[in-house]
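One structure is given here, and the rest of the page talks about it.
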Amino acid sequence: MNREIFKHYDMITGNNYIGNKLSSKGTKTYKTFNPQLNIENEHVFTEATDQEINEAVTLASNAFKILQTISGKQKADFLNAIADEILDLDETLIQMYSSETGLPEGRAKGERGRTIFQLRSFADLVKEGSWVEAAIDTAIPDRKPISKPDLRKMFVPLGPVVVFGASNFPLAYSTAGGDTASALGAGCPVIVKSHPMHAGTGELVASAIIKAAGKTGMPNGVFSNLNSSGIDVGVQLVQHPEVKAVGFTGSIRGGRSLYDLASQRKEPIPVFAEMGSINPVVILPEALKKRGKSLAKTYAGSITLGTGQFCTNPGLLLGIKGKGLSNFIQNLSVEILKKEPSCMLHPNIIGAYESNKQKTISQRGLRIVADYNPDVKSNYARQTVTTVEGSTFLENITLHQEVFGPFSLVVQCENEEQLETIISKLEGQLTGTVIAENNEAMQYISIVEALQNRVGRIIYNGVSTGVEVCTSMQHGGPYPASTDSRFTAVGIHSIKRWVRPFSYQNWPDSLLPDELKNENPLSISRMINGMQTTNKIK
Ligand code: NAP
């Protein structure tokens, strides 16, 4: 990296942010890795010590008391300032992102845009204020046989939140990603357990958050960023009594162990873990017949997009045996081999890809239909497509597991009944896709319904890769896609993970929060005696 060009380059210290102070008391250090160049990056990061973990959580706990008194407008200013500071990191951030992930500049900029959009969306939401879902039932003192009290309810924040980001989204699902933005918007201080594979990107973004906090008068401890390469720091954070919730994006193994830890605490806390998925795609017979060739091309693109490093990667394609499916498999094998292999995020990720692929391929009855053979550069992944009979798939749950990378398995089902059985035996998934011709989905409605029961989002005639950030997006599905399918990790409704409903009974108007006062000083939309309105209470 050219130090002269990038004005923020020297901001990388390798230290932890304990609130607004840089700190490096530990002795355990590590470096990030440039998978394109196949070398370690130069900066050295120091893992947080037990003392630093405690300090960060104590600061967060104190900051929480102050944050509870801060208005939606002030929180919005903070979130918008974070977005501004991230933009100000400019090329330094983009170059750091690429050097730590091997992902191209275009992807870095796209992900930065998404991160900025998320921050500003939460800023708009909390500034407007109606998201607290205020509900008021006014008193009826002379109700018989007993009087009715005045009750007023709204969402209040849970307390300090720990966020674990995923390796494959260093910006949008990491330090200032959706979990952090939504938790800060809700009024919860955030302690990020920085992802070791993009610690430099993490430190830059953390510096932006700390600057924004200073500029907008946020209490010290509203945000901390802790380095670690290994599970110890994360485990301690989840077990800390002052931590009240956890946001996680990553593997099923990681998410599940944090979930178990959190539920074994003296005071169990919620863990909102978004985890792996194989995102089944059902291609119905007419569609296979009419557009098998173009579907093969589309799916070759989707399977290899971002070197298959998306949680929504289509890892499972399901069809009913016949000429249409055979032709599709043949075309898919041709199309996928036309794709140039690309770089994975890290030697560990490619190592896991290769070993998970080998494990799957070695299962009885599995046939490889395309396997990129030519030599590839270090850390580049060879794409692979395999196929198996429906009955074999049903018997062997190893085949139901995610192979994170450019890999997909086509299951050839005997008939409609077997297809439905297979779908209903799948683990919970983030997405499911139905590829159908006109009216064909209606003919296979029981299959569509079976799929709906296993997923959080169902797609018609499209691909699962690509997650739009908007209010109606559901990103999260039945376990193990996520630990709580009632919530989404993407879109403004994700703020609901960090709050609890709270009621005031017969509370004096002057002591109520503005959201619940008679005058409605914030002019928010509220449910008053069963009617949604912005009216005051006379
Ligand atoms: P990962 O290995 O689970 O790591 C995620 C973070 O959790 C890291 O900071 C890691 O720390 C920590 N961690 C993992 N296991 C832990 C444990 N037992 N105790 C404490 N901390 C633990 O996941 P990844 O490699 O970053 O991401 C790839 C996976 O994420 C894929 O399976 C993919 O499908 C999934 N993913 C899901 C979504 C979604 O929205 N559902 C989005 C993107 C990715 P250390 O690295 O320091 O150990």
Side-chain angles (χ1 to χ4, degrees), residues 28 30 32-33 45 47-48 53 100-101 111 114 162-175 177-179 191-199 202 225-239 246-262 264 271-279 306-315 344-353 356 401-405 407 427-431 455-457 464-467 469 473-485 487-491 494:
K28 188 174 169 195
Y30 62 99
T32 60
F33 193 85
F45 296 89
E47 180 158 311
I53 295 168
E100 292 187 324
T101 60
E111 205 184 316
R114 185 189 179 104
V162 169
V163 170
F164 293 74
S167 56
N168 56 345
F169 280 95
L171 295 174
Y173 289 100
S174 196
T175 321
D179 286 355
I191 302 146
V192 165
K193 189 292 210 188
S194 164
H195 201 293
M197 292 183 197
H198 54 253
N225 185 56
L226 304 184
N227 293 325
S228 87
S229 70
I231 65 170
D232 297 349
V233 171
V235 166
Q236 284 196 55
L237 283 168
V238 172
Q239 289 178 326
V246 177
F248 173 92
T249 307
S251 62
I252 295 176
R253 195 172 45 83
R256 179 61 200 238
S257 45
L258 294 175
Y259 179 86
D260 288 344
L261 270 182
Q264 285 154 12
V271 174
F272 298 100
E274 298 303 325
M275 303 177 287
S277 202
I278 52 174
N279 303 296
T307 330
Q309 300 170 115
F310 289 119
C311 48
T312 49
N313 193 53
M344 290 197 93
L345 294 161
H346 193 272
N348 295 350
I349 302 260
I350 190 137
Y353 172 61
N356 290 333
Q401 308 308 311
E402 178 188 50
V403 177
F404 189 64
F407 176 88
E427 292 186 319
Q429 305 289 334
L430 289 170
T431 74
V455 307
R457 172 166 61 109
S464 48
T465 36
V467 180
V469 180
M473 172 55 70
Q474 174 58 24
H475 191 67
Y479 184 86
S482 53
T483 46
D484 196 334
S485 62
F487 296 89
T488 177
V490 173
S494 61

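Order of listing sets the numbers, starting from 1, for every ligand and every atom in it.
In the vicinity of N168, heavy-atom distances shorter than 4.0 Å reach the ligand 1 atoms 43 (C), 44 (C). Within ligand 1, counting atoms from 1 as listed, the ones closer than 4.0 Å to a heavy atom of L258 are 19 (N), 20 (C). When each atom of ligand 1 is checked for a heavy atom of S257 under 4.0 Å away, the hits are 17 (C), 18 (N). Of all atoms in ligand 1, numbered sequentially from 1 with element shown, those under 4.0 Å from a heavy atom of T249 are 5 (C), 37 (C), 38 (C), 39 (C), 40 (O), 42 (C), 43 (C). Each of the following atoms of ligand 1 lies closer than 4.0 Å to a heavy atom of E274: 37 (C), 39 (C), 40 (O), 41 (N). Atoms of ligand 1 lying under 4.0 Å from at least one heavy atom of S229, given by number and element, are 47 (O). Per-residue contacts place G276 under 4.0 angstrom from the following atoms of ligand 1 (heavy atoms of the residue considered): 34 (O). Within the listing of ligand 1, atoms 41 (N) sit less than 4.0 angstrom from a heavy atom of L430.
The nearest heavy-atom contact from the protein to atom 46 (O) of ligand 1 is P196 CG, 3.4 Å. The nearest heavy-atom contact from the protein to atom 41 (N) of ligand 1 is M275 O, 2.8 Å. Atom 14 (C) of ligand 1 has G254 CA, 3.9 Å as its closest protein atom, hydrogens excluded (heavy atom only). For atom 12 (C) of ligand 1, the closest non-hydrogen atom of the protein is F164 CD2, 4.0 Å. Considering only non-hydrogen protein atoms, atom 33 (C) of ligand 1 sits nearest to F404 CE1, 3.4 Å. The protein heavy-atom contact nearest to atom 39 (C) of ligand 1 is C311 SG, 3.3 Å. In this structure, the protein non-hydrogen atom closest to atom 17 (C) of ligand 1 is I231 CG2, 3.5 Å. Distance from atom 35 (C) of ligand 1 to its nearest protein heavy atom, with residue and atom name: G250 O, 3.0 Å.
Counted within 6.0 Å of CZ on F407, heavy atoms from surrounding residues, nucleotides or ligands total more than 12; the atom is thus considered enclosed.
For atom 23 (O) of ligand 1, the candidate residues are S251, S194, A352; the nearest heavy-atom contact is made by S251. Within the set P480, G165, S277, the minimum heavy-atom distance to atom 5 (C) of ligand 1 is found for G165. Residue K193 holds the heavy atom nearest to atom 11 (O) of ligand 1 of all those in H475, Q309, K193. In this structure, of G230, A481, S174, the residue bringing a heavy atom nearest to atom 47 (O) of ligand 1 is G230.
At least one N/O-N/O distance between E402 and ligand 1 falls below 3.5 Å. Checking only distances, H195 does come within under 3.5 Å of ligand 1, N or O to N or O.
Using a 4.0 Å cut-off between heavy atoms, S167 contacts ligand 1 through both its backbone and its side chain.
Rounding to the nearest 0.5 Å gives a distance of 12.0 Å between OG1 of T32 and NE2 of H195. To the nearest 0.5 angstrom, Q429 atom CD is 11.5 Å from T312 atom OG1. We find the CE-CD1 distance between M344 and I349 to be 6.5 Å, quoted to the nearest 0.5 Å. Between the OH atom of Y30 and the OG atom of S228 there is a distance of 5.5 Å, given to the nearest 0.5 Å.
Side chains of T431 and N279: a donor-acceptor N/O pair is present below 3.5 angstrom, by distance only. Defined by atom type and a distance below 3.5 Å, a donor-acceptor pair is missing between the side-chain atoms of T249 and E274. No side-chain N or O of H346 forms a donor-acceptor pair with one of S167 less than 3.5 Å apart.
With sequence neighbours excluded, no residue satisfies salt bridge (Lys or Arg N to Asp or Glu O under 4.0 Å) with E427.
A 4.5 Å side-chain heavy-atom check between S494 and H475 finds every atom pair outside the cut-off. Looking at heavy atoms from C-beta onward, F33 lies out of side-chain contact with N348 at the 4.5 angstrom threshold.
Between F164 and F248, the ring-plane angle classifies as tilted under the 30° and 60° cut-offs.
Close to ligand 1: F248, with a non-hydrogen atom less than 4.0 angstrom away.
The minimum heavy-atom distance linking N313 with T465 is given by the pair CA-CG2, 4.0 Å.
A side-chain donor-acceptor contact under 3.5 Å links Q474 to the backbone of F487.
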